[in-house]
Colleague: 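Pasting in a structure now, in structure tokens, and then I'll have a few things to ask.
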Amino acid sequence: MPLATPSPALAPPTILPAAPCGQQLCSARLCSTLLSSAPGRPPPPCPPPPSSCCHHSPLIALRGWGPQGWTHPTVAPEPSWSDGRKVGRRTPEPEVGSVPGSLTTSSSTIQAMGIKTALPAAELGLYSLVLSGALAYAGRGLLEASQDGAHRKAFRESVRPGWEYIGRKMDVADFEWVMWFTSFRNVIIFALSGHVLFAKLCTMVAPQLRSWMYAVYGALAVLGTMGPWYLLLLLGHCVSLYVASLLGQPWLCLGLGLASLASFKLDPLISWQSGFVTGTFDLQEVLFHGGSGFTVLRCTSFALESCAHPDRRYSLADLLKYNFYLPFFFFGPIMTFDRFHTQMSQVEPVRREGELWRIRAQAGLSVVAVMAVDIFFHFFYILTIPNDLKFANRLPDSALAGLAYSNLVYDWVKAAVLFGVVNTVARLDHLDPPQPPKCITALYVFAETHFDRGINDWLCKYVYDHIGGEHSEVIPELGATVATFAITTLWLGPCDIVYLWSFLNCFGLNFELWVQKLAELGPLAQIEASLSEQMSRRVRALFGAMNFWAIIMYNLVSLNSLEFTELVARRLLLTGFPQTTLAILFVTYCGVQLVKERERTLALEEEQKQDKEKPE
């Protein structure tokens, strides 16, 4: 989502943190948008900690799927060649002769530099060897630690019997993951399978009515799951924002939308509205906050699009069909109303060549990911160990670094699985939903840090880009980030950990622009211009390695706890200095260079594709 050429910034990347013990955040990228956990995705307003601490994905927090706070509105989008959309401030590799952070470049020398710069094959091979060896060494330390701690008293609540025939227990610290794939697995499969079959039948019999059929099925599913009073509550919020849209005042629609969102985040209104849910079950709080939070965002999108296009005369029926589309209802991702309405209004949608194969591949990858996570948790107790600080403090430095990294990777996998399942169903319905999150391993630049593309797009379109414009001036950018993070804080549920996360991300996003402006003064640009293309790439990768660990530390605060984050920082930066610090920095540098090489390959492939499409 970044648009400008960034300078190597030391600003820590912004990722939605997961709140400790039941109040988790999602990750988000402002430069293009962010909001909630992939199982990704709104959280209750800082409820008291549950009796037992459970691991929740930061992505989920933003999306509002878990009992914790979820949101993720400051994550930058991927480079334009990866998703085809440009939102917010884009930050491709700067080129020689260009001013880091400038929006345009103007010479062939400049174009030759940056992301298309290649390194010697032997050097890349060395990086691969170092990275593979370091990961294997850290993994061995984690495996041994998991085996040694399997019978610890502190592990009894979250390490339960698993594969007894080989003597392996299983890490079950993540409440959401366990519930989704055990007790609620059949319910989820039944609901989504029913939607797919119902959708196929409607498409064959009355394709012009398919959007109505989706809405009816979704409303009935919400009615059966949450009860009639909860359905009426959401209808009340839908009608109020629809009436506001008739007045044609965007400020009124946005203000009412934020007020509706606040009513689901702050007492006493949240307590009063939660009483509309009938019955009790384990995921009731998750579904309540997910359904209500995303309903408000969708209704606000509808109202703002109605104000922007008064000639189109959208009806209340259009809003209901948009809001009660079941695959997106509880967990997102969110599509802005204009995109959803355009795609759903196609009477006879046509699939692109090979699309069904890609849908099957995505479904297969989701199944494989679930199985891989299940196997992994029988050998590595990465979610339980951080809760026992005494035990974690005894880990070798390499294993501790691997533990911090693996927690973020798991959070990404969790988000990718949930996004993948929902997106598979949406694609069967001829929709083009937001893509799954970008792999955490590839996030080394603050302007590209992002998980939930749907919320990222929502925030950027209606707040961040609207206020910040081209995101090239300091004061407008400061106003845009403050406004965006204020809304993000409300989405996550105001509390101390959210305030801290929002402040750090807001500062980081602005700090990146400040570094760009500083580089425009001339001396730094001249220094970089004097370097060879390959040396410039190496210098930037070094800054990227620092940024990568800033991302890790930001997320650990929310995914685990402030105490565990302090432990990791102290061991890796203070007591381990300089040997551990420099060793981990070098290993991370190797990983960043490999990611850059992958980006270079994708950029060249995209360029070749565009050249072939040009008319002779």
Colleague: How about Tyr410 and Asp174: do any of their side-chain heavy atoms sit closer than 4.5 Å?
Modeller: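 Counting from C-beta outward, Tyr410 and Asp174 do come under 4.5 Å.
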
Colleague: Which word best sums up how the rings of His471 and Tyr464 line up, parallel for under 30°, tilted for 30 to 60°, or perpendicular for over 60°?
Modeller: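 If you compare the ring of His471 with that of Tyr464, the planes turn out parallel.
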
Colleague: Does Tyr322 reach the side chain of Ser211, with side-chain heavy atoms less than 4.5 Å apart?
Modeller: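 No, every pair of side-chain atoms sits at 4.5 Å or beyond.
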
Colleague: Is there a side-chain hydrogen bond (donor to acceptor under 3.5 Å, both in side chains) between Trp549 and Thr588 once you walk through the steps?
Modeller: CA-CA 8 Å; Trp549 274 100; Thr588 308; 2.7 Å; yes

Colleague: Are the side chains of Trp514 and Phe507 in touch, meaning some heavy atoms are under 4.5 Å apart?
Modeller: yes

Colleague: Angle between ring planes, Tyr314 versus Phe337, binned at 30° and 60°: parallel, tilted or perpendicular?
Modeller: perpendicular

Colleague: Between His309 and Asp338, does any side-chain donor sit less than 3.5 Å from a side-chain acceptor?
Modeller: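 Looking only at side-chain atoms, Asp338 and His309 do not form any donor-acceptor pair under 3.5 Å.
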
Colleague: Return the minimal non-hydrogen interatomic distance between Tyr325 and Val425, and the atom names on each side.
Modeller: OH-O, 4.1 Å

Colleague: So do Leu326 and Tyr217 actually touch side chain to side chain, heavy atoms under 4.5 Å?
Modeller: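 Side chain of Tyr217 against side chain of Leu326, heavy atoms only: contact under 4.5 Å found.
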
Colleague: Within the side chain of Arg351, is there an N or O that forms a donor-acceptor pair under 3.5 Å with the backbone of Arg427?
Modeller: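 Yes; at least one donor-acceptor contact below 3.5 Å.
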
Colleague: So Phe288 and Phe264, would you call those rings parallel, tilted or perpendicular, with 30° and 60° as cut-offs?
Modeller: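 Answer is perpendicular, since the angle exceeds 60°.
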
Colleague: Decide yes or no on side-chain hydrogen bond (donor to acceptor under 3.5 Å, both in side chains) for Arg537 and Gln593, but give the supporting numbers first.
Modeller: CA-CA 8 Å; Arg537 169 172 165 172; Gln593 285 288 20; 2.8 Å; yes

Colleague: Cut-off 3.5 Å, side chains only: do Ser301 and Thr336 have a donor facing an acceptor?
Modeller: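 There is no such pair (donor and acceptor under 3.5 Å, judged by atom type) between the side chains of Ser301 and Thr336.
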
Colleague: Using 0.5 Å steps for rounding, measure from the CG atom of Leu490 to the CG atom of Leu258.
Modeller: 6.5 Å

Colleague: Is the distance from the ring center of Phe548 to that of Tyr444 below 6.0 Å?
Modeller: no

Colleague: Determine the minimum heavy-atom distance between Gln343 and Asp432, stating which atoms define it.
Modeller: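 Result for this residue pair: OE1-N, 2.6 Å.
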
Colleague: So, are Glu305 and Lys461 salt-bridged, with charged N and O less than 4.0 Å apart?
Modeller: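 Counted as a salt bridge, because a side-chain N and a carboxylate O are separated by less than 4.0 Å.
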
Colleague: Should the pair Arg600-Glu597 be classified as a salt bridge under the 4.0 Å nitrogen-to-oxygen rule?
Modeller: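 Yes.
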
Colleague: So Leu408 and Leu556, do their side chains get closer than 4.5 Å, heavy atoms only?
Modeller: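 Result yes, sub-4.5 Å side-chain heavy-atom pair found.
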
Colleague: Check whether any side-chain N or O of Ser193 sits under 3.5 Å from a backbone N or O of Ile189 as a donor-acceptor pair, and report yes or no.
Modeller: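 Yes, Ser193 side chain to Ile189 backbone: donor-acceptor pair under 3.5 Å.
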
Colleague: Identify the two heavy atoms, one from Cys238 and one from Leu319, that lie closest to each other, and give their separation to 0.1 Å.
Modeller: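 Smallest interatomic distance, heavy atoms only, reads O-CD2, 3.4 Å.
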
Colleague: Under a 4.0 Å threshold between the charged nitrogen and the carboxylate oxygen, would Asp411 count as salt-bridged to Lys414?
Modeller: no

Colleague: Measure from the side-chain N and O atoms of Thr225 to the backbone N and O of Val222, and report whether any donor-acceptor pair falls under 3.5 Å.
Modeller: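 Checked: no pair found.
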
Colleague: Measure the acute angle between the ring planes of Tyr242 and Phe302, then classify it against the limits of 30° and 60° as parallel, tilted or perpendicular.
Modeller: tilted

Colleague: Taking the six-membered ring for Trp, are the ring centroids of Phe294 and Phe330 within less than 6.0 Å of each other?
Modeller: no

Colleague: Is there a side-chain contact between Tyr214 and His195, using heavy atoms and a 4.5 Å cut-off?
Modeller: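 When only atoms from C-beta onward are counted, His195 and Tyr214 do touch, with a gap below 4.5 Å.
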
Colleague: If I compare all heavy atoms of Cys253 with all of Leu304, which pair ends up nearest, and what's the gap?
Modeller: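 Here Cys253 and Leu304 meet closest at CB-CD2, 4.1 Å.
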
Colleague: Asn510 versus Cys506: any side-chain heavy-atom pair under 4.5 Å?
Modeller: yes

Colleague: Do the side chains of Pro433 and Val422 get nearer than 4.5 Å, heavy atoms only?
Modeller: no

Colleague: Under a 3.5 Å distance rule, please check whether Asp318 uses its side chain to pair with a backbone N or O of His341 as donor and acceptor.
Modeller: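 Side chain of Asp318 to backbone of His341: no pair is present.
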
